[in-house]
Structure formats: structure tokens, C-alpha cells
A.B. asks: 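My structure is below; once you've seen it, I'll send some questions.
Residue numbers run from 1 in the order of the sequence given.
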Amino acid sequence: ILYYLQYKLKKDYLINKSNAKGLTILAFCALMLIGANIIHKKMRNINLFETTYEPTVTMSKLSPIGYHLNDVVEYLFTKYFYFLNETAEQDIYSTIQKNQYNYRPNSKTGLFHNSNVIILQIESLENFVINQKIHDQEITPFLNKLIQKSIYCNNFYEQINNGGSSDADFILNTSLYPPLKSSAFISYSSNYYRSLAWYLNQSGYKTIAVKQDKYFFYNWKNAYSNLHYKKCYDREYFKNAEYVNDNITDSSLFMNFTNILSNTPQPFMSHISTITSHVPYELPQSFKQLELLPEENNSIVGKYFQAINYTDRQIENFFNWLQTQPFYSNTVVILYGDHTSLNRYFSDKKESEPNQFKKYFNDVKKVPLIIFSPKSNPEIISKFCGQIDLMPTILNLLEINVRDDNRRLIFGHDIFDDRYNYVISNNKILGEIPINVEPMKQIRISDLIIKANYFGKFYNFSKSKYYFIERFL
């Protein structure tokens, strides 16, 4: 840097005879250290130039200076220099026109009109644990009781990609497929969308998001702010909380959540994500209530069952509190799993598991969807549907009209619309695809829309905080 400055400034006091040799040796040693660090990382199979879920992790790989240089390169080549050619623009436009959310009223339209909405995204909750027993013990006794008085979708699929739980957040709020590479929250957290929260804000809702994570984890707080949530509560809000594996426990999470809801004006829409059932499912002994065989206690599946059983009890505690609240009768709870877990993270451990547990390692991407309200009657829906269908389903249940919004793009479908019975999960199409619907093309178009911040380019700049950014781009 000094050599460059001296060349540009034509000043000889930066580098002279007295310090040139020392500076050269210092620069050589720095390059040697950087080179040795890169070789060391590569030998350990660490991808250096990869933006991770948390800035401190990326920084530990590249050093503070390397981190900021990588950040500049990442910005330039994923945002600043990313342009759509004329063909891609036309492709997006025609897809939007063809896939405008084709709303049609049905028996569930307006069922929860003007109701409060509580969205519970449950970490690693797989569908197979519902009504599952081990040694005559129910793994999810409360959820088993809840589905008896709820709308339960037993053919509901995860649709995440590289972003894990953050992809589930993204899909819920946009009804778009997540990007093919990276994570929408990590690389494109400042994008503009017509989101679920945006539509509810227009209808007078107070929209809030609650996570136990630090604000910079997966850029979630910035992403949720740009998804138009009015208030976001991160780890800083939780005081004197109980921790396990450096995460706030679901017990503390729900306890604080009740305080938040008690002080939130109605009608509200709240989105909260649990965490204790996250891998590696390690819990204190006092958290475990299932009685397992000795060989099962330290198995992956055994630990998973204990973690899900713990979370099930915390959900029950939350519902017990909810039933005592004056707004209970005018509230709908939407509960679903963010993604599958056992086969996703531990497929290579299957053979070392007890024989009775090996059957749980499969590539079926089903997670449960449960919709509960004192206003609804129990029902089981067995059609194919997925996380991308959550947003249009919620809008229909609340009877929020989006037909007049010519900037809408909702790839999902209302699960109560009998015209649709298909889902894309794990790059597979399941169910019956209607004529003129191109689901695999929707994935590609979603990727282009996200990378180019397509809707941000057409937003009303005069009223937007994105004005100067968009003018600059």
C-alpha cells in the first residue's frame, strides 16, 4: 500500500533508504503468514471465501481485513455488477403475468378475518414424530392432542435450500423459492418484496418477529426489517434467560414471548422460531422425560426424540397461557416444522444407530402443518402442499385481498384451493401439475428475482428508504 501511495503521490518520505529494506521484509513475512494460513485452511478442507451464517465465523477465517475485502467483492459481484439481460427481463415479466396469484374464494376464505395470527416455526420438527410412540410413550403428546382439534396437513413438505431455517423464514414471508446458492438472508437481506407482513401492515396489523439469535446471525434482523416487520426482538431483549448449547431455551423463549404478546396491540401477526431441538440435540438430564433403553440414550435418534419431546412440552405451556388471554378466542395459531433433521444431518450415521431407529433415516421431506383456532373445526388435509403455500393460505384465511396489487408475485397456492395438488421438494415434483404451470421454471425465476432485487427496482422510490441505494445502482 505504501509503495502504491508513493507512486501516486510522488512523495519520497513514505519509503526511503532507511526504511525500504525493513518494509520489504515486513511485507514478505506478512505474505508468508497469509500463504501459510491459506494452506493450513485448505488442508483442513475449510472454504475460505465463503460468507457464513455469522460474520464472526467468516472473520475468523479471513482476518478482519480479509473479511472486509471479501465483503466488498461479494457485494460487487452479487449485487452491483448483477444485471439482467433483455431475455431474462422478459422471462421474469412473462412468468409474473402467468403466475399472478389466481385467487378464488373457497369455504375457508375469511374464516379468521381480522384475527390475531401467531406463527410458530418449530426447529427440526419432522412429520413422522406426530402420533409416534417409543416404549408406549408418545413423543409429542401435546401436538397429538392439538391435531385432534385443528386443521392438520399430513402431506406438507419442506422446501428449503442452502439457508436452512432462514430459508423457511424467507419462503413463509415471500412465497418465493429460496436462491439456488447461498441464503437470501445472508446475501440479499436488503431486497424489497411484497411480503406477508407488508400485506398485513396494509390491513392494520401490528407485525412482530421474535428470535433468540443475535441480530447479525444470518442477518435475520435486517432481513425481517426489509420484509416489513414493524418490530423485531433479538437476543438483546431476553434478560436473565436460561441457556443450553449457547442458545436460549424454548422455555425462556416462550416465557418472554408471552410478555411481548401481552403488550402488543391487536390485531397482531407474530412470528417466532424455536431452537432447543436443533442439532446436536444435546440436553441436560433434567430436560429429558422419555424413558429409553441404555443403547438408545446416546443414540442420535434417542437424543432427537428427547429434544422434540421437550419442545412439545414448552408448546403446551404456551397454549395453556394463551387460553387464559382475552384475545384467545380471536386468535389463530399456525405451527409447522422448518425442516427435516435426522437424514439431513446424520445420514452417514445410520448404520451405527440401534436397529429399531434406522427406519427413521429416510429422504422424505415431510414436516407437519397445524392450523388451530377456537373458531375452526378439526380436519385432515392430505393433498400435496409445502412451505411456499403458507403465505397465500394465511392471506385467504384472513380474507386479505391481493388481487388489485399488480406488483404481487406469489408462487404458492392456498392449500384450501382444490385446483392445486402438487409440491416441489428436494428438486422433485410430487402430485399433479396443472396445465400451463411450470414449477421448475418458477425456481429459476425466483433465483433471478432475488439476485437482481427485481421488485426493488420498481418500488416507489420517492417513498422508500431504498431510494438512494436504487438510484446509485
Side-chain angles (χ1 to χ4, degrees), residues 118 120-147 165 210-214 217 233-262 272-324 333 335 337-342 344-346 349 352-354 356-357 360 367-368 370:
I118 298 174
L120 305 180
Q121 182 172 293
I122 309 302
E123 175 63 42
S124 298
L125 179 62
E126 301 200 36
N127 192 64
F128 80 87
V129 298
I130 302 297
N131 290 322
Q132 184 73 242
K133 290 184 177 182
I134 180 167
H135 309 312
D136 208 33
Q137 303 164 97
E138 292 180 289
I139 298 170
T140 56
F142 175 72
L143 293 182
N144 297 344
K145 289 187 291 186
L146 186 64
I147 64 173
S165 299
V210 181
K211 286 182 180 286
Q212 67 83 38
D213 296 315
K214 297 174 183 178
F217 188 80
Y233 295 88
D234 63 12
R235 183 170 291 190
E236 292 299 314
Y237 173 81
F238 300 90
K239 305 301 181 183
N240 302 316
E242 178 184 49
Y243 283 78
V244 168
N245 300 324
D246 198 34
N247 291 313
I248 294 173
T249 64
D250 290 348
S251 175
S252 286
L253 181 68
F254 278 118
M255 189 178 301
N256 283 274
F257 186 44
T258 59
N259 294 332
I260 292 169
L261 293 184
S262 297
I272 182 172
S273 304
T274 67
I275 191 63
T276 307
S277 49
H278 196 285
V279 293
Y281 324 127
E282 296 287 352
L283 300 180
Q285 192 61 40
S286 60
F287 283 32
K288 302 175 183 178
Q289 288 194 2
L290 295 176
E291 295 182 6
L292 306 179
L293 298 175
E295 64 174 3
E296 297 170 342
N297 277 318
N298 291 320
S299 69
I300 292 167
V301 175
K303 292 177 181 179
Y304 173 70
F305 285 168
Q306 294 282 18
I308 290 294
N309 177 261
Y310 165 82
T311 296
D312 180 81
R313 298 196 304 274
Q314 308 318 310
I315 297 171
E316 181 177 20
N317 291 338
F318 172 71
F319 269 80
N320 289 339
W321 170 86
L322 184 62
Q323 290 171 358
T324 67
V333 179
L335 182 153
D338 59 353
H339 54 71
T340 55
S341 189
L342 289 175
R344 171 179 292 277
Y345 299 115
F346 299 108
K349 306 294 185 183
S352 61
E353 287 288 284
Q356 65 271 29
F357 286 166
Y360 301 124
V367 294
I370 301 170

A.B. asks: Is any side-chain heavy atom of I300 less than 4.5 Å from a side-chain heavy atom of Y345?
C.D. replies: no
A.B. asks: Taking atom CG of L322 and atom CZ of F254, what is their separation to the nearest 0.5 Å?
C.D. replies: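 Answer for the CG-CZ pair, L322 versus F254, is 11.0 Å.
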A.B. asks: Applying side-chain hydrogen bond (donor to acceptor under 3.5 Å, both in side chains), name anything that partners T340, two or more places apart in sequence or on another chain.
C.D. replies: E158
A.B. asks: Please report the interatomic distance CD1(I260) to CD1(I272), rounded to the nearest 0.5 Å.
C.D. replies: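 Reported value, rounded in 0.5 Å steps: 7.0 Å.
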A.B. asks: Show every salt bridge (Lys or Arg N to Asp or Glu O under 4.0 Å) that has at least one partner inside residues 122-135, sequence neighbours left out.
C.D. replies: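 Only K133-D136 qualify under salt bridge (Lys or Arg N to Asp or Glu O under 4.0 Å).
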A.B. asks: With distance as the sole test, does Q314 use its side chain to make a donor-acceptor pair with the main-chain N or O of Y310 at under 3.5 Å?
C.D. replies: yes
A.B. asks: So which of H278, Q212, E242 actually passes side-chain hydrogen bond (donor to acceptor under 3.5 Å, both in side chains) with N247?
C.D. replies: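 Among H278, Q212, E242, the one that satisfies the side-chain hydrogen bond (donor to acceptor under 3.5 Å, both in side chains) with N247 is Q212.
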A.B. asks: Name all residues meeting the ring pair (Phe, Tyr, Trp, His ring centres under 6.0 Å) criterion together with F128; count only those two or more places apart in sequence or in a different chain, and write none if there are none.
C.D. replies: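 Partners of F128 by the ring pair (Phe, Tyr, Trp, His ring centres under 6.0 Å) criterion, ordered by chain and then number, come out as Y360.
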A.B. asks: Does E296 form a side chain to side chain contact (heavy atoms under 4.5 Å, CB included) with I134? I'd like the steps, not just the answer.
C.D. replies: CA-CA 11 Å; E296 297 170 342; I134 180 167; 4.0 Å; yes
A.B. asks: Test of understanding: with side-chain hydrogen bond (donor to acceptor under 3.5 Å, both in side chains), list the residues that count as partners of Y281, not counting sequence neighbours.
C.D. replies: S341
A.B. asks: Before giving the answer on side chain to side chain contact (heavy atoms under 4.5 Å, CB included), spell out for Q289 and N309 the whole-Å C-alpha distance, their side-chain angles and the decisive distance to 0.1 Å.
C.D. replies: CA-CA 8 Å; Q289 288 194 2; N309 177 261; 4.0 Å; yes
A.B. asks: What pairs meet the salt bridge (Lys or Arg N to Asp or Glu O under 4.0 Å) rule with one or both residues in residues 297-309, with sequence neighbours excluded?
C.D. replies: E282-K303
A.B. asks: If you apply the rule side chain to side chain contact (heavy atoms under 4.5 Å, CB included), what do you find for W321 with L261, and how did you get there?
C.D. replies: CA-CA 11 Å; W321 170 86; L261 293 184; 4.0 Å; yes
A.B. asks: Can you sort out the partners of E295 under side-chain hydrogen bond (donor to acceptor under 3.5 Å, both in side chains), two or more places apart, ordered by chain and number?
C.D. replies: Q356
A.B. asks: Show the numbers, then the answer: is there a salt bridge (charged side-chain N to carboxylate O under 4.0 Å, His left out) between E236 and K214?
C.D. replies: CA-CA 7 Å; E236 292 299 314; K214 297 174 183 178; over 6 Å; no
A.B. asks: Which value, rounded to the nearest 0.5 Å, describes the distance between L125 atom CG and L143 atom CG?
C.D. replies: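 One gets 6.5 Å once the value is rounded to the nearest 0.5 Å.
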A.B. asks: Would you find a donor on one side and an acceptor on the other, under 3.5 Å apart, between the side chain of S252 and the backbone of T249?
C.D. replies: no
